[in-house]
2 protein chains.
Amino acid sequence: MSYEMTLTALADPTRRHLLERLRDGPLAVSALARDLPISRPAVSQHLKVLSDAGLLLVEPAGTRRLYRLAPEGLDDLRAWLDRLWGDALDSFAARAHDIAREIARKETPQ
Amino acid sequence: MSYEMTLTALADPTRRHLLERLRDGPLAVSALARDLPISRPAVSQHLKVLSDAGLLLVEPAGTRRLYRLAPEGLDDLRAWLDRLWGDALDSFAARAHDIAREIARKETPQ
DNA sequence: TCATTTCGTAAGACATGACTTACCGTAAGT
DNA sequence: ACTTACGGTAAGTCATGTCTTACGAAATGA
């Protein structure tokens with residue numbers, strides 16, 4: 001949902017591995033846990049974090065639960081990144097040296 | 001540098017706050033620490049993480065060190081996000097229900 | 001030269017989060 | 001009804017990371 005939760009979810013290597021495996025289509029929990037060095041409950045916990053962050057969707061299929069990437073899962077994060085690294089950044093980069101010299105002469109900021 | 005380090009750096013609320021403050025231009029360490037509820041050394045440690053991840057550039061100015069956003073700091077992360085949430089995702093989203101029904105009938109995967 | 005300011009690093013305390021095993025509920029097959 | 005397979009949750013352990021204080025190095029000004 002929020003970009004904060006998205007970043008928290010993406011910060012873990014195991015969770016990134018899960019996302020990359022789901023890149024090729026939906027998978028059940030046991031299938032995801034099969035080639036990981038951790039227990040199945042641990043995978044379930046990671047899947048919960050990813051789902052709560054809006055990155056995954058679940059679809060029950062019999063006794064199994066199929067997880068897949070949520071198409072709009074990255075929207076909030078992308079919006080935040082775009083806002084942070086916006087156009088103003090480029091102009092500042094161009095003026096960086098001038099600004100630094102001003103500051104060195106104590107004209108700006110603390 | 002790597003998108004892994006970028007994600008680790010962006011996962012912390014304090015570091016995100018630092019980035020947002022630097023959105024408006026370069027600042028020194030003490031200035032950044034002034035309106036944060038943590039000590040100045042803690043800020044220095046966060047700035048090191050951000051710099052190591054390629055998100056910040058440093059420019060010495062007298063006894064001070066001016067930190068600013070690195071214009072290309074998000075490039076690797078953006079590339080990884082684009083690859084993960086690629087076009088194939090949409091087609092899978094469209095076929096999700098069909099796939100789920102196949103799986104429920106045990107035709108696909110574990 | 002001496003004092004002051006700014007900042008990085010080291011060492012240790014503490015909180016957070018990623019694991020484990022144990023357990024329970026649900027769906028499907030016999 | 002009984003068994004098996006699948007998966008979520010709880011409780012506790014352990015590692016990782018985020019703080020703190022203490023200290024030292026470098027630049028500035030008197």
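Worth knowing before you read on, the calculation uses all heavy atoms, side chains too, and leaves out hydrogens, waters and symmetry mates. Quick note on labels: first sequence line is chain A, next is B, and so on, each numbered from 1.
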Walking DNA chain C from its 5' end, the first of T14(A) and V58(B) to be reached, judged by nearest nucleotide, is V58(B)
With no hydrogens and no angle check, is any side-chain donor or acceptor of R40(B) less than 3.5 Å from a backbone partner on S30(B)? no
The complete set of ring-ring contact (aromatic ring centres under 6.0 Å, His included) pairs with one or both residues in residues 2-23 of chain B, sequence neighbours excluded, reads Y3(B)-W80(B)
message: Any salt bridge linking D24(B) with R68(B)? Criterion: basic side-chain nitrogen under 4.0 Å from a carboxylate oxygen.
response: no
### Query
Can any side-chain N or O of R64(B) pair as donor or acceptor with the backbone N or O of A28(B) at less than 3.5 Å?
no
Give every pair of a protein N or O atom and an N or O atom of nucleotides 14-17 of chain C that lie under 3.5 Å apart, one pair per line with the distance.
none

Can you check side-chain contact (heavy atoms from CB on, under 4.5 Å) on L50(A) and L19(A), steps first, answer last? CA-CA 9 Å; L50(A) 290 167; L19(A) 292 176; 4.1 Å; yes
Whole-Å distance, L47(B) CG to dT9(C) P, equals 11 Å
Would you check if the side chain of W85(B) reaches a backbone N or O of E72(A) as a donor-acceptor pair within less than 3.5 Å? no
Is the phosphate of dC6(D) approached by Y67(A) (side-chain N or O, under 4.0 Å from OP1 or OP2)? no
If only atom types and distance count, is the side chain of R15(B) paired as donor or acceptor with the main-chain N or O of H46(B) below 3.5 Å?
no
So CG of L56(A) and OH of Y67(A): to nearest 0.5 Å the spacing works out to 8.0 Å
Among the nucleotides dC7(C), dT9(D), dA27(D), whichever has the atom closest to the side chain of T63(B) is dA27(D)
By side chain to side chain donor-acceptor pair (under 3.5 Å), R21(B) pairs with (sequence neighbours left out) D35(B)
Inset, instruction - Report yes if a side-chain nitrogen or oxygen of R64(A) is closer than 4.0 Å to either non-bridging phosphate oxygen (OP1 or OP2) of dG7(D); otherwise report no. - result: no
Sorted by number, residues from residues 36-46 of chain B placing a heavy atom under 4.0 Å from DNA chain C are R40(B), P41(B), S44(B), Q45(B)
Rounded to whole Å, the NZ-P distance (K48(A) to dG8(D)) equals 10 Å
Per-helix bend value, the helix from dT1(C)-dA30(D) to dT30(C)-dA1(D), C1' rotation axes over five pairs per end, 10° rounding, shows 20°
Discussion item. Under a 3.5 Å distance rule, please check whether R65(B) uses its side chain to pair with a backbone N or O of P60(B) as donor and acceptor.
Written reply: no
Taken to the nearest whole Å, CG/L66(B) to P/dA27(D) is 15 Å
Residues pairing under side-chain hydrogen bond (donor to acceptor under 3.5 Å, both in side chains) where one sits in residues 4-14 of chain B, two or more places apart or in two chains, turn out to be S2(B)-E4(B)
To the nearest angstrom, the CZ-P distance between R65(B) and dT28(D) comes to 14 Å
